[in-house]
Amino acid sequence: MDLEKRPAHRAEQPQPPGQADRHPPQAEGCLAVAIRLPVRIVVLVLVVPVRLVWDALAVCGRFLYFRGLRPVGRAVGAVLTWLFKAVFVWPWVGLWRYVVVPVGVALAWLGRVLFVVPAVWLYRSVLTPVGHGIAWLARGVGRGIAVTALGIAAGCAWLWRYLVAIPAAWLYARVLTPIGHGIAWLARVLGAGAAAAGRGVGAVLTWLFKAVFVWPWVGLWRYVVVPVGVALAWLGRVLFVVPAVWLYRSVLTPVGHGIAWLARGIGAGAAWLGRGIWTVVATLCRWLLVAPVVAVWRWVLAPLGRAVAVVAREIGDALGHAWRVAGHLSLVVGRFLAKLLRWIFVEPVRWAYRTVLTPVGHVVRDAVWRPAAKAVKEVRRATRQALASARESVRQARADVRRMLFGTAKQAVPVAAPPQEPVPVPIPAARREPVAPGARTLGSSTTALTKD
């Protein structure tokens, strides 16, 4: 057990170049050194049983998980998977594979036979020739209609030209153009007279409008409103502006300066008085409230907090150290118990298996099991031969009975075949490149040579 506290790990870690350690290691006080050993002893005594129980529970939990819960879970998962497949997957797969697919194939074949094949035959054998005939007839009718329409159009054009266009052009050039020129000259004369009359009437109406609506208002504004406004402006300046300016410069400005000087004096006195009062109040508050609080914090709470922090830190370090030591002790105790169980149970069972059961098993296998298996094989072979001979005897007896009851069947007399010319043996061709247009295989070529 390490009874001395090592320096902080932060001081052992290398610092980056150019960066100083912000938390330098501090010297330990006498309080930490005084409480470290008893605290660690007490914590070790309290933590070791807890760690032993914890490690035992962890070992039992791992054994229960790996030997019990996980196999059971896998078995339950396999059973649930099989049930899920049997209930939800396999029926639909069987329905699709053995019902929907065959029915779909049958419906597709039936649709092809009933609709596609007749429709294709109807299109190729009936509709296509009829369409070609209708197209040829339409082209002939169209050509006839086009020729007829061209003739009718030419006749109509000739009639339009000599019955309508030429008379209309002569009428426009010889009759309508002189009449239009005369009407235009008459309209220009009438327009000039109307323009002169309009200009005279417009001048008269403009003078009347100005005399009635413009000149009276202009005279009223120029000779009445403007002089009255100028007089009122001069009167307002004399009666109001000049007295107001004199009042502002001679009365209000000195009075305002005096009020401002008085306000500055009063403000300075109030500020001086406020500063004095604030200084007195601040001094009283500092010595009556702040100084006692600072003293209590500096001389009571801060040392007490540091002591509590040291105790808490030492207790935490002691708990960590005790937990690690208890882990080592638990490991040692576990190994000892494992070796003890191995010496008590495993080694005797292994010795019995290797020394007793294995030789006995070999003797039983060589002296009992193999001879018995060989005898069983011989008995099985003899039984099979006996059954085969009995079956052959029964077959021969049945044939003899059939021959005695029905007689033997007539055998065909062989007839000599007429002499034939010798057939030349074909020479097999080279097999590098196939001569026939179809695909060549070894079996087909061999069969062809055998037949020849």
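Because only heavy atoms are used, hydrogens play no part in the values below, and waters and symmetry mates are left out as well, while side chains stay in. Keep in mind that this is a model prediction, so the values were computed, not measured.
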Minimum side-chain heavy-atom gap P167-L171 below 4.5 Å: no

Side-chain heavy-atom pair W54, W323 within 4.5 angstrom cut-off: yes

Euclidean distance, I166 CD1 relative to R161 CZ, rounded to 0.5 Å: 5.5 Å

Sequence neighbours excluded and cut-off under 3.5 Å, please list the side-chain donor-acceptor pairs for residues 178-192, or say none.
none

All side-chain hydrogen bond (donor to acceptor under 3.5 Å, both in side chains) counterparts of W246, not counting sequence neighbours: S250

Within 6.0 angstrom of W297 CH2, more than 12 heavy atoms from elsewhere: no

W96 CH2: over 12 foreign heavy atoms closer than 6.0 Å: no

Derivation of the side-chain contact (heavy atoms from CB on, under 4.5 Å) call for D317 and H321: CA-CA 6 Å; D317 295 340; H321 186 74; over 6 Å; no

R70 side chain vs Y65 backbone, donor-acceptor pair below 3.5 Å: no

Heavy-atom closest contact (V242 atom, V238 atom, distance): CB-O, 4.3 Å

R342, CZ atom: more than 12 neighbouring heavy atoms under 6.0 Å: no

side-chain contact (heavy atoms from CB on, under 4.5 Å) between L289 and V293, intermediate numbers included: CA-CA 6 Å; L289 298 176; V293 171; 5.5 Å; no

Inter-residue atom distance F336.CZ - L341.CG, 0.5 Å rounding: 10.0 Å

Contact check, side chains of V281 and C285, non-hydrogen atoms, under 4.5 Å: yes

Worked check of side-chain contact (heavy atoms from CB on, under 4.5 Å) between F209 and W215: CA-CA 9 Å; F209 179 80; W215 291 337; over 6 Å; no

R275 vs W272 side-chain heavy atoms within contact, under 4.5 Å: yes

Contacts of W217 that satisfy side-chain hydrogen bond (donor to acceptor under 3.5 Å, both in side chains) - sequence neighbours left out: none

Under 3.5 Å: donor-acceptor pair, side chain of S330, backbone of D55: no

Point-to-point distance, once rounded to the nearest 0.5 Å, from CZ of R354 to CD of E347: 8.0 Å

Trace of the side-chain contact (heavy atoms from CB on, under 4.5 Å) decision for L122 with L127: CA-CA 6 Å; L122 180 64; L127 297 180; 4.3 Å; yes

V310 and R313, any side-chain heavy atoms less than 4.5 Å apart: yes

